[in-house]
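Structure, as structure tokens:
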Amino acid sequence: MNLFCMLVPILVPVVAGVLILCLGKKADLKTLCGISVDVLLFSLVFVVGNALRMNSETEYVLFSFTEQLQVVLKLDVVGKIFSCLMAFIWTLVALYSGEYMKEEKDWHRYFGFFVMTLGVLIGLDYAGNLLTYYVLFEFMTLLSFPLVLHEMTHESIMAALKYLFYSLGGAFMVLFGLFYFSTHGVDTGFAAGGTGTGAAMMTGGMLAAVFVTVLGFSVKAGMFPLHAWLPTAHPVAPAPASAVLSAVITKGGVLGILRVLYFVFSPELLSGTWVQTALLTLSLITVFMGSMLAFREKLLKKRLAYSTVSQVSYVLFGLFCLNTGDAFTGALLQVVCHALVKSALFLCAGAIIYRTGKKYVSELDGIGKQMPVTMFFFTLASLSLVGIPPTGGFIAKWYLAVGALNCDIPVFSVLGPAVLLISALLTAGYLFPISIQGYLPEAREKVKGAVPEKSADITENMTKEDDTSVITESPESVSIQYEKKETNWLMLFPIGCMSLAALFVGLFPGIVTQLIGQIF
């Protein structure tokens, strides 16, 4: 019965996605969206049910290539956290897509691959060994590739190919590690605290294989120097696809790294080695670099993409501390909060583009008056990403900083929290001005010492009657009437759910931290 309940949320979306592709253009957008949401909601119910009901970590061998190469499913606490998070976000984004995709074509292709990708992701969460994870990791790449490619422009095709080449390169590195581990007697099954690999096996070659494997998974997580696909793929993909690529697909790489460092090997075996030093260095470079690039970026979706490069490496830094205390707790809290917040931010960006056509930060003067609810949730999500209490982002970053300080890692125990703090300030610098100029455009102009004038984009959105509503009382006071362009509930509901969920995690972090405490 347990195996059946684990297979249902994996197979049902895959089968449904194939059927949607077979329907082709025979079905309209409303029908395709309805089918997708129903299927994903069905899978979400099973995933949550599995998380609540299954307490054991029984393994189920689906089939074997050899005695050592087996496809295994196993549900542990980590799998419960990731599967519930992914299914929750995926279902809400599917609902959002029903409105957003009205301006797009080939709906059947989008929804077909969108639904199938969740099935593979849940299988990824339920994987019981490294081989199973690797196979599903490859499928995740192949099924998410059409989401980047969707618009079929030259730019989207080039971005999709870049995404594919980077992903396949990372997968080959993981495959090398899998070969090396298997031929040197390492049990690649997943067990909390490692599968029994001894210190005697940690030769120079084994350490190199671990490093290469982690680096391969880090491609999906967007860690330097293999991060370049993220800011290329996100701006060209439809906004809901960008949301799941940033919030969920990147977590596929994070989960792979977590499994290798904490479930195949023991953190104690790698602590203090050159592997830890190299990985910590790369993660902190990524945190700082991503924040700086986001701060300088003018295109809204690309700014959010660079932000993902930085914020996901917060998670990696916590994992690379190689302890199961505060740093590990902070890393998994950051997984949850970042997934929720970044989905909300990308969906807000999509709503703005959908309703106004504005893609650049410089065009967003007064957007808070045109779309007040959307920008309220954008601001709330931004507060969490920066780490302002009482949001979930604050709790996650607090655990990460405390964990790093208590790890007694030379240099990094101080450098880590310092870089995280600088990154948080940069995050505030590239997110808060969007909200400020969105709600207070006149104040921004006054700071510049200029009299605010109607911008071209405002003029285009106003009728002649609206034009006469611009009243100039004095050179210091100009009143502009902004046309309301708020989107409907199909877009606002998913955005609101994820923004408020991140706040909920901050107000009641014990629900998640207690679950994380059961892992080891």
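Counting from 1, the numbers follow the sequence of the chain as shown.
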- Would you please classify the geometry between the Phe114 ring and the Phe111 ring as parallel, tilted or perpendicular, with 30° and 60° separating the classes? perpendicular

- Task: Hey, can you tell me if Phe493 and Trp489 have their rings parallel, tilted or perpendicular (30° and 60° cut-offs)?
- Result: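 Correct class here is perpendicular.
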
What is the distance from atom [atom1] of [X] to atom [atom2] of [Y], rounded to the nearest 0.5 Å?
X	Y	atom1	atom2	answer
Ser423	Phe317	OG	CZ	12.0 Å
Ser167	Trp229	OG	CH2	6.0 Å
Lys220	Ile249	NZ	CD1	7.5 Å
Leu492	Phe376	CG	CZ	12.0 Å
Ile422	Thr427	CD1	OG1	11.5 Å
Leu19	Met116	CG	CE	10.0 Å

Are any of the side-chain heavy atoms of [X] and [Y] separated by less than 4.5 Å?
X	Y	result
Tyr134	Leu130	no
Phe320	Val214	yes
Val341	Thr391	no
Phe432	Ile388	yes
Leu95	Leu490	yes
His150	Leu147	no
Phe42	Val8	yes
Ser499	Ile495	yes

Answer yes or no: is there a donor N or O on one side and an acceptor on the other, between the side chain of [X] and the main chain of [Y], under 3.5 Å?
X	Y	result
Asp125	Gly79	no
Ser144	Thr141	yes
Ser43	Val39	yes
Arg259	Val264	no
Thr153	Ser156	yes
Ser307	Arg303	no
Ser310	Val287	yes
Asp106	Arg109	no
Ser246	Ala243	no
Tyr96	Leu347	yes

Does a donor on one side chain and an acceptor on the other come within less than 3.5 Å for [X] and [Y]?
X	Y	answer
Lys342	Thr308	yes
Thr232	Tyr163	no
Tyr354	Glu99	yes

Which residues pass the side-chain hydrogen bond (donor to acceptor under 3.5 Å, both in side chains) test with [X], sequence neighbours left out?
X	answer
Asp38	none
Thr487	none
Glu151	none

- Item | Other residues, nucleotides, ligands: >12 heavy atoms within 6.0 Å of Phe145 CZ | yes

- Query: How about Phe288: does its CZ atom have over 12 heavy atoms from other parts shown lying under 6.0 Å from it?
  - Reply: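 No - once you tally the heavy atoms of other residues, nucleotides and ligands closer than 6.0 Å, there are 12 at most.
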
Looking at [X] and [Y], what are the two nearest heavy atoms and their distance?
X	Y	answer
Val309	His227	CG1-CB, 4.1 Å
Pro225	Leu282	CD-CD2, 4.5 Å
Ile20	Gly112	CG2-N, 3.7 Å
Leu168	Glu138	CD2-OE1, 4.0 Å
Val115	Gly17	CG1-N, 4.1 Å
Leu304	Leu345	CD1-O, 3.7 Å

- Are the aromatic rings of Phe172 and Phe176 close, with centres under 6.0 Å apart?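 No, ring centres 6.0 Å or more apart.
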
- side chain to side chain contact (heavy atoms under 4.5 Å, CB included) filter on Lys359, not counting sequence neighbours, yields Leu299, Ile353

- Message: Suppose we screen for side chain to side chain contact (heavy atoms under 4.5 Å, CB included). Which residues come up paired with Leu23, at least two apart in sequence or across chains?
- Response: Ala27, Leu32, Ile35

- Steps toward side-chain contact (heavy atoms from CB on, under 4.5 Å) verdict (Leu385, Gln311): CA-CA 8 Å; Leu385 201 66; Gln311 293 288 325; 3.8 Å; yes

- Would you check, one step at a time, whether the test side-chain contact (heavy atoms from CB on, under 4.5 Å) holds for Tyr166 with Leu230? CA-CA 10 Å; Tyr166 269 77; Leu230 267 162; over 6 Å; no

- Query: Can you name the ring-ring contact (aromatic ring centres under 6.0 Å, His included) partners of Tyr314, sequence neighbours left out?
  - Reply: none

- Task: List the steps and the verdict of side-chain hydrogen bond (donor to acceptor under 3.5 Å, both in side chains) for His338 and Lys251.
- Result: CA-CA 10 Å; His338 177 264; Lys251 303 309 181 293; 2.8 Å; yes

- Item | side-chain contact (heavy atoms from CB on, under 4.5 Å) between Val47 and Phe88, worked out | CA-CA 9 Å; Val47 165; Phe88 175 72; over 6 Å; no

- Task: Starting from the C-alpha separation in whole Å, work towards a yes-or-no answer on side-chain contact (heavy atoms from CB on, under 4.5 Å) for Leu85 and Val248.
- Result: CA-CA 9 Å; Leu85 179 67; Val248 181; over 6 Å; no

- Item | Face-on cation placement of Lys301 at Phe346 ring, 6.0 Å and 45° thresholds |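 Relative to the ring axis of Phe346, which defines the angle, Lys301 lies outside at least one limit.
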
- Task: Might you work through the side-chain hydrogen bond (donor to acceptor under 3.5 Å, both in side chains) test for Lys298 and Ser362, ending with a clear yes or no?
- Result: CA-CA 7 Å; Lys298 304 302 181 184; Ser362 59; over 6 Å; no

